[in-house]
Amino acid sequence: MPELPEVETVRRGLEQHVGGRTVESVQVLHPRAVRRHLAGAPDFEAALAGRSLDAARRRGKYLWLSAGEDGLLAHLGMSGQLLVGEPSRPLSPHVRIRFAFSDGGPDLRFTDQRTFGHMAFVPGGAELPGPIAHIAPDPFEAAYDARTVATRLRARRTGVKRALLDQTLVSGVGNIYADEALWRAGLHWARPTETLNGPEVSRLLAAVRDVLGEALAAGGTSFDALYVNVNGQSGYFDRSLAVYGRENLPCPRCGTPVRRDAFMNRSSYTCPRCQPRPRRAHW
DNA sequence: CTGCACCCCTGTAGGC
DNA sequence: TGCCTACAGGGGTGCA
């Protein structure tokens, strides 16, 4: 479950169901799931055995569990799930890592069909794991400063959607919520960042924060069973999407059919009337 | 600093 | 039924 609202939903579930529990053993079932743990799968398993997991934290789309001064870092990629359930339930074919706990209670399974996600044990990484030091604060962190982001955004020489998706500028925004925020702000994805005026940038950043917050309140967006919380349940923000995935359906604001464009090997959805294409496009 | 091409994977949907 | 292509909420890397 990729973007901030979905990852935050998972973080909350982990905090509730795994926080304060002690890992008994870990099995890495697919080596690719720990490819960023450079010391290898056996080291990953050994490093976590016997460790007590404390708080669950998050920056953007990354989350981690602190274990004393250390951190257990996770990124869900396109299809990763962190599922908590009865240890006796069947092992689904896409389970990549299994964590058993010393209390004999529900286990934790990192499940990932496409294996774009990963986990790593980061010594000393409880506060902010080293591998994600380059990730910018997300809009819900105390360290996030909208004025700084606005300044940096306007200094870019690129298209506004490309900038929104750049996790080193502001983190947590992916393809769905970038399109939704741009629609709310009435901006086209190809708009050159240097042509945005102050009010437009403010409107956009407010829209980003609002849409992420509303989606979080709905438990995230799921179109299918791939995007679920730790209990396997889907969020329902898909009902509130204005443009994403709605090609040819009417814009909720003006009724004009939503348009789909290819962009960065993905799709961008816009209302051609509310988000007019700029004369000088930047993609 | 930037875009861009391409890589990592599996599964599904749709056309033929 | 098979075979093909396009596409899917991710990021990282290397190169121009």
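All values below come from the heavy atoms of this structure, side chains included, with hydrogens, waters and symmetry mates left out. Naming convention: chains lettered A, B, ... in sequence-line order (proteins, then strands); numbering from 1 in each chain.
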Using atom names, set out every protein N or O paired with an N or O of nucleotides 11-13 of chain B below 3.5 Å, distance rounded to 0.1 Å.
unit_1: dG11(B); atom_1: OP1; unit_2: His94(A); atom_2: NE2; d: 3.1
unit_1: dG11(B); atom_1: O4'; unit_2: Gln113(A); atom_2: OE1; d: 3.3

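- Judged purely by atom type and a 3.5 angstrom limit, His94(A) has no side-chain atom pairing as donor or acceptor with the backbone of Thr111(A).
- Comparing Asp166(A) and Arg96(A) by the nucleotide of DNA chain B whose heavy atom lies nearest to each, the residue mapping closer to the 5' end is Asp166(A).
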Between the protein and nucleotides 12-16 of chain C, list every N/O to N/O distance that falls short of 3.5 Å.
unit_1: dG12(C); atom_1: OP1; unit_2: Tyr62(A); atom_2: OH; d: 3.0
unit_1: dG12(C); atom_1: OP1; unit_2: His134(A); atom_2: NE2; d: 3.4

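- Using a 4.5 Å heavy-atom cutoff, the side chains of Leu164(A) and Leu204(A) are in contact.
- Leu38(A) shares a hydrophobic cluster with no other residue; no ILVMFWY side chain has heavy atoms under 4.5 Å from its own.
- Near DNA chain B, meaning a heavy atom under 4.0 Å from it, residues 117-130 of chain A has no residue at all.
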Fill in: From CA spacing to verdict: side-chain contact (heavy atoms from CB on, under 4.5 Å), His75(A), Arg36(A)
CA-CA 11 Å; His75(A) 193 286; Arg36(A) 306 259 167 213; over 6 Å; no
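- For an aromatic pair to be called close, the ring centres must be under 6.0 Å apart, and Tyr244(A) with Tyr269(A) satisfies this.
- A gap of 22 Å separates the C1' atoms of dC8(B) and dC4(C), to the nearest Å.
- Between dG11(B) and dG11(C), the two P atoms lie 22 Å apart (nearest whole Å).
- Rounded to whole Å, the separation between the P atoms of dC9(B) and dG2(C) comes to 26 Å.
- When distances run from any side-chain atom of Arg156(A) to the nucleotides dC9(B), dT2(B), dG9(C), the shortest one goes to dT2(B).
- Side-chain to base pairing of Arg266(A) with dA8(C): no donor and acceptor N or O lie closer than 3.5 Å to each other.
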Item to complete: Map every base of DNA chain C to its dot-bracket character, where paired means a Watson-Crick or G-U wobble contact with both distances under 3.5 Å and | marks a partner outside the strand.
Response: .|||||||.|||||||
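- Taking the syn range as angles within 90° of 0, the glycosidic angle of dG9(C) is syn.
- In this structure, the separation between CZ on Arg98(A) and CG on Leu29(A) is 8.5 Å, given to the nearest 0.5 Å.
- Regarding Asn175(A), its CG atom lies at a distance of 13 Å from the C1' atom of dG11(C), rounded to whole Å.
- In this structure, Ser222(A) contributes its side chain and Gly235(A) its backbone to a donor-acceptor pair below 3.5 Å.
- Grouped with Leu128(A) in one hydrophobic cluster are Tyr62(A), Trp64(A), Leu73(A), Val122(A), Ile132(A), Ile135(A), the linkage being side-chain heavy-atom contacts under 4.5 Å among Ile, Leu, Val, Met, Phe, Trp and Tyr residues.
- Of the residues near DNA chain C, Tyr269(A) and Gln167(A), the one whose nearest nucleotide (by heavy atom distance) lies more toward the 5' end is Tyr269(A).
- A distance cut-off of 5.5 Å between ring centres, combined with a plane angle under 30°, leaves Phe116(A) outside any stacking arrangement with the base of dC9(B).
- Although no hydrogens or angles enter the test, the distance criterion places no donor-acceptor pair under 3.5 Å between the side chain of Gln167(A) and the main chain of Gly60(A).
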Worksheet item: Is there a side-chain contact (heavy atoms from CB on, under 4.5 Å) between Arg109(A) and Leu91(A) once you walk through the steps?
Response: CA-CA 9 Å; Arg109(A) 300 180 183 186; Leu91(A) 206 62; 3.7 Å; yes
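- Taking every side-chain heavy atom of Arg162(A) into account, dC4(B) is the closest of dC1(B), dA8(C), dC4(B).
- Using modelled atom types, no side-chain atom of Arg184(A) and backbone atom of Ala207(A) make a donor-acceptor pair closer than 3.5 Å.
- Two residues, Asn265(A) and Ala155(A), neighbour DNA chain B, and the one matched to the more 5' nucleotide by heavy-atom proximity is Ala155(A).
- Look at the P atom in both dT1(C) and dT12(B): the space between them is 15 Å, to the nearest Å.
- We find that OH of Tyr236(A) is positioned 19 Å from C1' of dG9(C), with the value rounded to whole Å.
- Residue Phe223(A) is in base contact, counting any heavy-atom pair closer than 4.0 Å across all strands shown.
- Picking from dT10(B), dG9(C), dC8(B) the nucleotide with the shortest atom distance to the side chain of Arg114(A) gives dT10(B).
- With respect to the salt-bridge test (charged N to carboxylate O, under 4.0 angstrom), the residues Arg11(A) and Glu8(A) qualify.
- Comparing dC6(B) with dC7(C), their P atoms are spaced 16 Å from each other, to the whole Å.
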